[in-house]
Number of protein chains: 2
Amino acid sequence: MATLGGLERSVMSLLWDGAESLSANEVRDRLGEDLAVTTVLTVLSRLERKDMVRRERSTRPHRYTAVASREEHTVEMLNEVLGTAGDREAVLARFIGGIPDSEAAALRRLLQK
Amino acid sequence: MATLGGLERSVMSLLWDGAESLSANEVRDRLGEDLAVTTVLTVLSRLERKDMVRRERSTRPHRYTAVASREEHTVEMLNEVLGTAGDREAVLARFIGGIPDSEAAALRRLLQK
DNA sequence: ACGTGATTACTACATCGTGTAGAAATCACG
DNA sequence: CGTGATTTCTACACGATGTAGTAATCACGT
């Protein structure tokens, strides 16, 4: 599973938001905080190990991209949570009991087709 | 939020499955592993601090119960995950795209009434 | 009221994940 | 081939978790 720390999450956000790949230095610059590049590289390596990030090693600054989109990743998380659920349907029942009407409507529409 | 370790999760499972409250010794006995009671007590205290468990202090072995049902807790987790989602509806759309037909049917039914 | 066995609280330590970065190795360009 | 940029390796602090010993506290029987 993939539980991220704060900095890891910030880095993923950058990779998710901009569609293009980023180098370690670019990541460091876009993070507000004043971090050493090595710090960013460490984080990126860990994210790579967690299969959250792919690294282009053939170029000279290596370039990093998110393996999955933020939405794909979120869906994975949802399924992970539901995997520990016991009774999936009971959980979903409760869940939709608590969502705003507008969203319920959207879901109904999605389930229609 | 509430991210649990392995032992913590095992203890919660016990409290979720049996509906009654348990003492530390009862918890230790029902966990397969051979743990010291103090270990179990520590875990239960931490779960109490995390608001996952309520402790009845007036009795002499103290008795412990889960604050929320497994399903309630799972729904909380789901909402937590969705909170980091960016575009909730996009995520739900993808999610629904991936569930088995039977479950989609169940959801449709639930959204009907 | 008191001792004693059961229960709980306090303290401690190892391990692991994460944030953080220096030092060393490696690369590519002039 | 040297040199600046980049990457790798190593290290350490800190918090969460698993694990348990020791000390404190409680309640019951006599």
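Below, chain A is the first sequence line, B the second, and so on; all start at residue 1.
OP1 or OP2 of D/dT6 lies within a sub-4.0 Å distance of a side-chain N or O belonging to A/Asn25.
Between A/Glu56 atom CD and D/dT7 atom C1' the separation is 15 Å, expressed in whole Å. Between B/Arg57 atom CZ and D/dA27 atom P there is a gap of 14 Å when expressed in whole angstrom units. When rounded to the nearest whole Å, the span between CZ of A/Arg49 and C1' of C/dG17 equals 9 Å. The interatomic distance linking A/Leu41 (CG) with D/dT10 (P) rounds to 16 Å, in whole Å. In this structure, B/Glu48 atom CD and C/dA9 atom C1' are separated by 12 Å, rounded to whole Å. Rounded to an integer number of Å, the gap from CG of A/Leu44 to C1' of D/dT6 is 13 Å. The distance between atom CD of B/Glu26 and atom P of C/dA6, rounded to the nearest whole Å, is 16 Å.
Counting heavy atoms from C-beta outward, B/Phe95 and B/Leu82 have side chains that stay 4.5 Å or more apart. Using a 4.5 Å heavy-atom cutoff, the side chains of B/Glu80 and A/Val81 are not in contact. The side-chain heavy atoms of A/Asp17 and A/Arg70, taken from C-beta on, include a pair separated by under 4.5 Å.
Looking at A/Glu8 and A/Arg46, no side-chain N of the basic residue comes within less than 4.0 Å of a carboxylate O on the acidic one, giving no salt bridge. Between B/Arg57 and B/Glu48, at least one side-chain N (NZ, or NE/NH1/NH2) sits under 4.0 Å from a carboxylate O, which counts as a salt bridge. Salt bridge A/Arg63/A/Glu26: present, at least one basic N to carboxylate O contact under 4.0 Å.
With a 3.5 Å ceiling on both atom-pair distances, the Watson-Crick or G-U wobble partner of D/dC1 is C/dG30.
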* Show your working on side chain to side chain donor-acceptor pair (under 3.5 Å) between B/Arg55 and B/Ser45 and close with a plain yes or no. => CA-CA 9 Å; B/Arg55 178 202 310 228; B/Ser45 293; 3.2 Å; yes

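Sorted by residue number, the list of members of residues 10-22 of chain A with any non-hydrogen atom under 4.0 Å from DNA chain C is empty.
As a member of the Ile/Leu/Val/Met/Phe/Trp/Tyr network built from side-chain separations under 4.5 Å, B/Leu14 groups with B/Leu4, B/Leu7, B/Val11, B/Met12, B/Leu15, B/Trp16, B/Leu22, B/Val27, B/Leu31, B/Leu35, B/Val37, B/Val40, B/Leu41, B/Val43, B/Leu44, B/Leu47, B/Met52, B/Val53, B/Tyr64.
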Polar pairs (N or O, both sides) under 3.5 Å between protein and nucleotides 15-19 of chain D?
| unit_1 | atom_1 | unit_2 | atom_2 | d |
| --- | --- | --- | --- | --- |
| D/dT17 | OP1 | B/Thr3 | O | 2.7 |
| D/dT17 | OP1 | B/Lys50 | NZ | 3.2 |
| D/dT17 | OP2 | B/Lys50 | NZ | 2.7 |
| D/dG18 | OP1 | B/Gly6 | N | 2.6 |
| D/dG18 | OP1 | B/Leu7 | N | 2.6 |
| D/dG18 | N7 | B/Arg46 | NH1 | 2.7 |
| D/dG18 | O6 | B/Arg46 | NH2 | 3.3 |

Would you tabulate the nitrogen or oxygen pairs shorter than 3.5 Å linking the protein to nucleotides 1-3 of chain D?
none

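Residues satisfying the side chain to side chain donor-acceptor pair (under 3.5 Å) test with B/Asn79, not counting sequence neighbours, are none.
A donor-acceptor pair under 3.5 Å links the side-chain atoms of B/Glu72 to the main chain of B/Ser69, judged by distance alone.
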* Go along nucleotides 25-30 of chain C 5' to 3' and tag each nucleotide: B for a protein heavy atom under 4.0 Å from its base, S when only backbone or sugar atoms are that close, - otherwise. => -BSS--

